[in-house]
Structure formats: structure tokens, C-alpha cells
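See structure below.
Chain identifiers are assigned alphabetically (A, B, ...) following the order of the sequence lines, protein sequences preceding nucleic acid strands; residue numbering begins at 1 within each chain. The shown structure was predicted, so the numbers you read here are calculated from the model rather than taken from an experiment. The figures that follow rest on heavy atoms only: side chains count, while hydrogens, waters and symmetry mates do not.
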Number of protein chains: 2
Amino acid sequence: MPMTRRIHKRDKLMAPGTETSHGGAGIRKAGAHAIDPLLFRLGNFMELAEADQLQFRESIVREVRVGKGKDVICENERPDYVHIVIDGWACRYKYLADGRRAILGYLIPGDVCDVHIALLDHMDHAVSTLTPASFALISRETVNHIFENNISLAYALFWASLVEESVQREWFVNNTGRPADKRLAHLLCELQMRHRAAGLTRTNCIDFPLVQQDLADAMGITVVHTNRVMQKLRSDGLISYDNKLLTILDWEGLKAFGDFDPRYMHLSEETLNL
Amino acid sequence: MPMTRRIHKRDKLMAPGTETSHGGAGIRKAGAHAIDPLLFRLGNFMELAEADQLQFRESIVREVRVGKGKDVICENERPDYVHIVIDGWACRYKYLADGRRAILGYLIPGDVCDVHIALLDHMDHAVSTLTPASFALISRETVNHIFENNISLAYALFWASLVEESVQREWFVNNTGRPADKRLAHLLCELQMRHRAAGLTRTNCIDFPLVQQDLADAMGITVVHTNRVMQKLRSDGLISYDNKLLTILDWEGLKAFGDFDPRYMHLSEETLNL
DNA sequence: CGCAGGTTTGAAATAGATCAACGCTGGTGG
DNA sequence: CCACCAGCGTTGATCTATTTCAAACCTGCG
């Protein structure tokens, strides 16, 4: 139960708009759109009608790109926009009393950072980037409008929120109930599945830009121990990790070792079968 | 990270209706109603109109009373009714691979057990009683009807779900980031506040029917250690526990020791100030 | 080249687990 | 009414997963 002791200075994200960009988000295929990963993921729940997809896309007021290690949403504030990850990795986190950072969850493309603010008057945790990242912004009013006028989209957003709750519960189980090595195995299985669910990979490798400290802060163990545990998974031939690329060499083995049962992710059959 | 090793036999709750009762839930004051604690708690978010309160009350199809240690909702099933705790304590839980029970959260009067089923097609965890308890049942169709036709109630339910998510995050932080003694202190602070928020106490004591194993399974430590940690809090004069009654002797002290900051509970000013 | 940020290694220290036993209390059955 | 037993709380001694501290190493970059 250690984690970073060094207090990261909280570089505050500059006001949205100041640092806008398109294209920074990477080369987008013709016809592809910023929130495709989200729409893809929602497909696990229901097929959204064209019109709904369109309304969703048109709700985006702007896109912002921010550097690595910047706070996008601060604790106790109430952002004016709901953020959706387009590109890059971010995380939810809180600081502990002694300055260590507890990572509550990772956010990858397609994840909604803060529906909470549609109803809650302050964020109970912060969100910051782990890599350079870009976000799509939807104003709070628009979100409320959706809730009140488009039941399909409303359900879709509520669904995403319930799934996130489920994932949070599993993280809880993982960290309270499993030893460090299984904990890491489970976490990696989940990340692989989430990439699949958002249409970000179809193979057994994923882009893995996190440093060991980022993993340590999420699992509640020290970097040193994270390192040793990671080595173990590698030497057991379960994973390989090279050049920011994570490959799961033995999916069944890793799943079994980490007691990973994807049902808590509430994915469709299609996603589950590759 | 131990918890119960003994597998409790999963006495399945008998079909709803078989074991109905009113009154079992305790003497109810004239004009008082089964879901008052829930309505009281929702008051932290918004004042529900008379009509909405009434609609809510009338949605209840029946009340059931069940004994201690019974499964009310099983993992992987999809209950036909949403359950609201009227009386007694229950918990969300999952079993770990080795048979230990991980408690994900406690449910006290006013808590909704399973809104999830309005949208998700299976429960990703189970719910069982920790004491004899009674529940109010609302059919799934009714809940969907509410979502689609009564925006105030829909918001209220969504709010409760978001708050629960926030609480789950804090449990995560508590268990991954704090040592056992602070962990217990934090947990007790939360339980005290939740009782207050649901209008179940106005003093510094609460009914506390849990056994040490129940606490251990929630904190992810052994009973033995739970026992020692509990003794520490007692001998430090922070709490007293006698005859199933928990008294917080030094609220400020306990809060400080457990790093408890109630903002994550999203309560109203009124609730926070006594 | 030198340095910062990240990974790796080793040795010593500790929170919490494990194992085993004892004691209390309330209920049940003879 | 007593004897017994089950469930729960408590204690002590030993063991272990993980922390802590400290240093070395690697690599890309200004």
C-alpha cells in the first residue's frame, strides 16, 4: 500500500480552446470520427440508430489536445464540459493524506471521464493524462438535454456508467483480494479486453505507454514490487513487453492465473469471441 | 488479503411472496413508509415533489422479509425486481477463486440493491443479508417506465447510482491505500455518515450488528487482524462497541485518523452539519 | 557528454497472515 | 435446569509478502 510519495505538481490544464488541435489526435481515416471508439463500445449494449449517432457526434463542441501529466479535471471542481477520451491514456486519481497518488482507473479512447457532473455538483476525484491525449468536449447543458429528450442515448450513457461501476467493483476485488502477481495479471487482461471492446485492437498486443509507477499507483504496491512482479509474468511466458508494446503471449494462462472472468465488463458475445 | 475461507452455503432466498410480511420490518410510525430512508436520502440531492414521492411509493409491488445470511440476488442472474432495503443490513459480495468472500459494499435501509438490472442483463455480483432484513420490490418494467416518463425520479435514481459509484471508489482507495487501522476508522466514519444521511440516527451511535468476519471481508484482512485493529481504536478512545451498538466517542479524532473527508458522499449541507 | 527518468538488483525491516488454542455467551435438547 | 455445543471474540507465536532503503544501470535526449 505505498505508491508515489513524490507529489506531482498539478499542472493545470489551460482553459479549453487555448490549446485546441485537430489532427494532433492522429491520422483519422476518411469518414472516421473522434468518438468512434465510444460508439463502438456502446455497440456492446445496443445498436444506436444513425440519427442518434449523428446527434451524439454533433453534440461535440470542440476537441482539445493536452500534454502528458496534465490535470484535465480537478477534484472538487465542476467542469462545464463532459470529456470523452479520443486518443491517449488518462487516469482517475486521488491523493492520499501522505501525498501518494492512488489511481482509481485508467481511461482509454472511448471512455467518458465525467458524466458525473450532469448531476453531481463537484468531482470527487481528479483526472489527468498519462500520455499526451485528446478529448472531445460536450457541454453540460447538452448532456442534460440528451437525458431529457433522447431516451436511447440516455440509456446508452447510463449503461456506460453502470459498466464503469462494475469495473470499479472488480478493481476493488482485485486489489483487496489478490496478491500482487495475480493482481497485475488481472489488470492486464482487463486492459486487453477494453482495447478490444473499443475497437482499438484485434490482436493480442496493445499499445502500452504506462510506466511502472503508473501501474504501481493503481495496484497499491511499490514500483519495486511492480517491477519484480512484472518480471515474473514475463519469465513465466505469459506476457512480453517491449518498446511500449504489450503482448499477451498466453491469454488462457494469464486469464487463469489472474482469475479473470470478463463477465463483469458486460460485453457482447461478439466482443468476447475475438 | 485473506477473508473467509469457509464457503457459506448459498441458501437461496425463497421465491418472493412466499415469505411476505409487513410489521416484521418493525413498528412503523403512522404515516411512515417503507422507503422513507430512501426518500430522506434523496433529499440530499433534490426535494422530490409530493406527486413524485407518491408515484415512487406506489411503484412498490410488495415487501419481503428474509432471514440472516440469505442470498437475495445471485451473481449472473437477472432479478425481475429492483430491491430497496427497508430494514436490516445486507452486502454486495463476490467469491474469490479460493472461496473467500469479498464484500464490495454494505447496504443499509434506503439503499437500492440493483438498479443495474434496468439495463444490464446479468448481475456481476451477489447480494445477501447480514442480518434479518426486509426489502421493497419494484418491478423492472416499472423502473423502466420511471426512466422514460418521470425525469425527476429518473435523475434521482441516476444520482443515487453515481453516489454509489463514488463510494465504491473511496472503498477502493481505502483498501488499496491505507493500513488496516486507518482503513477501519474510515469505514466506521462512513457508516456513521450514511446512517445520518438516511435519517437513521441523529446521535453518535448506530446499531451495529456486523460480526468481525463481516468487517474483515470488506477490508480484505483476516478476522484476527480485524480484532486487533478494533481493539486499538477502542483503546485509543476513538470508539466503543458494546452489545451491537457502536458509539463514536471522538468523531474528530476518528475522522482525522482515518483521513475521512465526507465530500465523496455528496451529501447536503444539512446532513453534514448534524 | 551528461543527465533525467525509468528500470533493475540486493539486503534488511515490518505489517499483516497463518496456525493453534482458549474463553465467553446464548441457545438447544435431554 | 444443567450440559453441551456453535459461533464469536481474543491471545500468542511464527511465518511471509511486500516495503523500505540504497545503489547501479540503461537509454533517449538536450
Of all the nucleotides listed (C:dT8, D:dG12, D:dC8), which has the minimum atom distance to the side chain of B:V224?
-> D:dG12
B:Q213 CD to D:dC8 C1': how many Å, rounded?
-> 10 Å
Hey, are A:D71 and A:Y93 close enough side-chain-wise for a donor-acceptor pair under 3.5 Å?
-> yes
Write down the distance between CG (A:D242) and P (C:dT7), rounded to a whole number of angstrom.
-> 13 Å
Among D:dT18, D:dT11, C:dG16, find the nucleotide with the atom closest to the side chain of B:H225.
-> C:dG16
Please give, in whole Å, the distance from C:dA17 P to B:Q212 CD?
-> 14 Å
Nearest whole angstrom, please: distance from the P of D:dT11 to the NZ of B:K232.
-> 16 Å
Integer-rounded Å distance: C:dT14 P and B:D181 CG | 16 Å
Would you confirm whether A:T129, through its side chain, and A:G67, through its main-chain N or O, come within 3.5 Å as a donor-acceptor pair?
-> yes
Any side-chain N or O of B:T222 under 4.0 Å from OP1/OP2 of C:dA17?
-> yes
Atom CD of A:Q231 and atom P of D:dC26: how far apart are they, to the nearest Å?
-> 14 Å
Do B:R228 side-chain and D:dG12 base share a donor-acceptor contact under 3.5 Å?
-> yes
Is any side-chain nitrogen or oxygen of A:N227 closer than 4.0 Å to OP1 or OP2 of C:dT7?
-> no
Between B:T247 and B:C205, is there a donor-acceptor pair closer than 3.5 Å when you use the side chain of the first and the backbone of the second?
-> no
Pair B:W171-B:E190, side-chain donor/acceptor within less than 3.5 Å = yes
Would you say a side-chain N or O of A:R234 is under 4.0 Å from OP1 or OP2 of C:dT8?
-> yes
Separation of D:dT18 P from A:D217 CG (nearest whole Å) | 17 Å
Using whole Å, report how far NZ of B:K68 lies from P of D:dG7.
-> 10 Å
Give a yes or no answer on whether the side chain of A:R183 reaches the backbone of A:M219 with a donor-acceptor pair at less than 3.5 Å.
-> yes
